[in-house]
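Counting starts at 1 for both ligands and their atoms, in listed order. Nothing here was measured: the structure is a model prediction, and the numbers come from that model.
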Amino acid sequence: MKIFHFLFLHAVCFLLCASFNVNAQRKQFNISLGSSLAPTTNSSWLSRSGLYAFGFYPQGKAYAVGIFLAGIPEKTVVWTANRDDPPVSGNASLLLNTEGRLVLQSARGQETPVVAQGEVGPASYASMLDSGNFVLHNSSGGIIWQSFDHPTDTILTGQSLLNGQELVSNVSETDHSTGRFFLIMQSDGNLVQYPMEKIAVATAYWASGTVGWGADVRLSLDSDGHLYLHNSTGFSIMNLTAGIPTGRTVYFMKIDWDGIFRLYSHNLTQNNALSILWESSTDKCQPKGQCGFNSYCIVNPDNQPGCRCLPGFVYVDRENLYSGCKRNFAAERFINSHGTVIYSMREVNINVFEDVPYSVLQKTKDECKQACLEDSICEAALFNINGQCSMQRLPLRFVRRDESNIVFVKVYDPVSSTGDRPHLPINEGKKYPPMDMIIIVSSLFVAVILVIVAVFDWAYQCFDSRDLSQLIGDEEVELKQLERIVKIALWCIIDEPSFRPSMKKVLLMLEGTIDIPVPPDCISYLTSI
Ligand SMILES: *[C@@H]1O[C@H](CO)[C@@H](O)[C@H](O)[C@H]1NC(C)=O
Ligand SMILES: *[C@@H]1O[C@H](CO)[C@@H](O)[C@H](O)[C@H]1NC(C)=O
Ligand SMILES: *[C@@H]1O[C@H](CO)[C@@H](O)[C@H](O)[C@H]1NC(C)=O
Ligand SMILES: *[C@@H]1O[C@H](CO)[C@@H](O)[C@H](O)[C@H]1NC(C)=O
Ligand SMILES: *[C@@H]1O[C@H](CO)[C@@H](O)[C@H](O)[C@H]1NC(C)=O
Ligand SMILES: *[C@@H]1O[C@H](CO)[C@@H](O)[C@H](O)[C@H]1NC(C)=O
Ligand SMILES: *[C@@H]1O[C@H](CO)[C@@H](O)[C@H](O)[C@H]1NC(C)=O
Ligand SMILES: *[C@@H]1O[C@H](CO)[C@@H](O)[C@H](O)[C@H]1NC(C)=O
């Protein structure tokens with residue numbers, strides 16, 4: 001059955017290729033040393049059937065290098081080289097050079113490796129196989145590097161995702177670089193999806209539930225569209241899809257930019273129709289981290305995930321609504337002429353999946369609202385039907401719309417509230433002290449860190465090399481938080497006072513409302529003390 005299927009696919013591909021414009025593509029199954037490609041002339045090396053090609057493909061106004069389905073009108077990209085490098089101009093070239101290295105050459109002659117050949121040494125020739133696998137061979141024909149061992153966001157039929165391997169989503173329809181989600185074949189046998197900023201196992205948003213099968217488990221896709229987990233001796237552990245016994249179809253599995261992984265098919269007999277045969281979730285808001293800090297995920301009418309800011313917040317970047325939200329006020333504006341902070345609570349139907357309260361109280365709904373309102377540290381309170389009131393600081397992460405759940409968000413009203421809740425000018429007369437307290441406490445905290453910084457230089461170097469754990473030894477400190485604080489501390493000790501942030505800004509930095517820029521090099525200062 002499989003043989004028949006295979007032959008049939010080939011026959012169809014040959015027919016397809018006959019009618020296909022192959023001007024820009026060279027049919028060269030064995031790619032010899034010294035061969036080259038250019039984006040606009042010989043742009044790719046085709047596989048024997050013409051279904052797959054390795055070479056340049058357009059990326060915006062420039063070009064990227066990768067493997068794509070060439071035998072169909074939509075040139076679906078299935079592998080990308082150096083995905084985080086910027087695309088190249090039309091006068092670059094791709095070269096399997098005479099030293100046996102595959103390199104991208106800029107118009108000025110600069111060479112960048114296309115594959116990491118460091119450990120494997122020079123190739124004797126290369127080949128673009130009909131399976132979609134691009135292979136570098138040594139002189140005896142052995143495989144020294146193959147794209148199937150280095151998946152980006154897609155696996156093809158005949159390809160497996162092995163222990164420790166990941167598929168990482170791209171950014172968007174127009175940007176193929178590293179995106180926000182990944183799928184990993186874990187050594188415990190579980191196939192799991194996480195947001196890129198994985199901080200704990202709890203951030204997983206999908207799992208096959210096959211823990212305990214061990215490091216031998218792999219995810220494979222057969223040529224009939226059968227997607228399954230099995231071990232190296234072929235024992236079937238879990239079927240994600242059943243195989244479909246029809247030929248003339250190309251299958252591939254991809255983790256999409258929206259964090260959901262899907263099995264696709266191209267039906268070669270039906271105008272190459274692309275269809276989704278299976279998806280890890282139909283809920284576009286399921287992937288945690290779909291929306292940035294302080295924003296929540298909703299499914300738009302066009303069935304695409306969308307992000308909305310919490311009440312009282314605005315988008316950090318209006319060009320990229322997935323990047324999160326920040327408070328909509330300048331820090332000074334929420335304090336009125338009497339030095340009073342004016343705020344109210346707004347109710348919103350959302351759920352927060354990263355529930356990290358600084359305090360949990362047993363309250364009624366109204367008491368919960370009031371408790372947050374009266375606590376100057378509280379920024380939001382999650383109220384659940386069991387009467388649990390979780391008081392939260394910012395930022396709120398992994399938030400989605402949920403009609404059955406209530407969260408109170410503190411909204412600062414510079415003039416008067418125009419919100420959908422009555423204005424609550426509470427804390428009238430409550431003066432500056434709470435702010436002062438925060439400032440004092442934060443200053444103390446920063447001061448402690450300053451001492452650390454002064455005692456150790458190497459603090460900046462540690463920060464610079466992203467090796468903050470050196471600063472704290474074995475202590476259990478949340479690294480991200482520490483990084484924020486060290487960054488703030490480094491800003492605060494700059495010689496030039498005008499460069500130092502104001503205390504208000506420090507407060508906002510501490511609570512995560514605003515981003516902290518990388519501090520300038522201050523090693524010279526630190527060595528002088
Ligand atoms: C490619 O090269 C290998 C090794 O030289 C050879 O065995 C094989 O037949 C060649 N394939 C084609 C299609 O020329
Ligand atoms: C394109 O292929 C032709 C035919 O093999 C060759 O003569 C030409 O040099 C190639 N062009 C580039 C830019 O590699
Ligand atoms: C290469 O192309 C870019 C834009 O496509 C152009 O600006 C540049 O001058 C070209 N370089 C050479 C050496 O032709
Ligand atoms: C070529 O690679 C294979 C493994 O893929 C290896 O067994 C063989 O020794 C290599 N041959 C040479 C000449 O390096
Ligand atoms: C695969 O799983 C089967 C069933 O549990 C087991 O008998 C077999 O030994 C496993 N193979 C390996 C290589 O672990
Ligand atoms: C998966 O499906 C195959 C038939 O396609 C079957 O033989 C196998 O037992 C199934 N595996 C599981 C875990 O159900
Ligand atoms: C990114 O992935 C999506 C599928 O999730 C695909 O449609 C799109 O073409 C990819 N973008 C690029 C630039 O390759
Ligand atoms: C492909 O299209 C043909 C003709 O419409 C249909 O019979 C076949 O079932 C389709 N295959 C798949 C996998 O959808």
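- Each of the atoms 13 (C) of ligand 4 lies under 4.0 Å from some heavy atom of Ser139.
- Between the CG atom in Leu95 and the OG atom in Ser35 there is a gap of 8.5 Å [rounded to 0.5 Å].
- A salt bridge links Asp283 with Arg400: at least one charged nitrogen is closer than 4.0 Å to a carboxylate oxygen.
- Applying the 4.0 Å criterion to heavy atoms of Asn170 picks out, from ligand 7, the atoms 1 (C), 2 (O), 3 (C), 8 (C), 10 (C), 11 (N), 12 (C), 14 (O).
- Regarding atom 9 (O) of ligand 6, its nearest protein heavy-atom neighbour is Ser236 OG, 4.3 Å.
- Of the N or O atoms in Asp256, one or more lie within a sub-3.5 Å distance of an N or O in ligand 7.
- Heavy-atom separations between Ser172 and ligand 7 include at least one value shorter than 4.0 Å.
- Annotation: Asn138 places an N or O atom under 3.5 Å from an N or O atom of ligand 4; distance criterion only.
- Of the N and O atoms on the side chains of Asn328 and Tyr315, not one donor lies less than 3.5 Å from an acceptor on the other residue.
- Nearest to atom 7 (O) of ligand 7 by heavy-atom distance, out of Glu173, Gln59, Arg83, is Glu173.
- Phe408 does not carry Arg346 over the face of its six-membered ring by the limits of under 6.0 Å from the centre and within 45° of the normal.
- Atoms of ligand 7 found under 4.0 Å from any heavy atom of His176, numbered from 1 in the order shown, are 12 (C), 13 (C), 14 (O).
- The existence of a salt bridge linking Glu354 and Arg397 is confirmed by a sub-4.0 Å separation between a basic side-chain nitrogen and an acidic carboxylate oxygen.
- Using cut-offs of 30° and 60° on the angle between ring planes, the pair Phe134 and Trp45 is parallel.
- In this structure, atom 12 (C) of ligand 6 has a protein heavy-atom contact shorter than 4.0 Å.
- Tested against His226, the residues Leu221, Leu263, Asn239 include a single side chain to side chain contact (heavy atoms under 4.5 Å, CB included) partner, Asn239.
- Here Asp175 has backbone heavy atoms under 4.0 Å from ligand 7, and that is the only part of it that gets that close.
- At a distance under 4.0 Å, a protein heavy atom can be found next to atom 2 (O) of ligand 4.
- On a distance-only criterion, Thr174 and ligand 7 share no N/O pair closer than 3.5 Å.
- Every atom of ligand 6 with a heavy atom of Ile237 under 4.0 Å away is listed here by number and element: 13 (C).
- Close approach of ligand 7 to Trp257 is summarised as follows: ligand atoms under 4.0 Å from at least one heavy atom of the residue are 5 (O).
- For atom 5 (O) of ligand 4, the closest heavy atom belonging to the protein is Ile143 O, 3.1 Å.
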- Item | Residue pair Cys307, Cys291: steps toward the disulfide bond (SG atoms under 2.5 Å apart) verdict | CA-CA 6 Å; Cys307 301; Cys291 296; 2.0 Å; yes

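- Contact atoms of ligand 6 toward Asn239: 1 (C), 2 (O), 3 (C), 8 (C), 10 (C), 11 (N), 12 (C), 14 (O) (distance under 4.0 Å to a heavy atom of the residue).
- The six-membered or imidazole ring of Trp278 lies near that of Phe261, with a centre-to-centre distance under 6.0 Å.
- Arg327 and Glu379 are joined by a salt bridge, as a carboxylate oxygen and a charged side-chain nitrogen come within less than 4.0 angstrom of each other.
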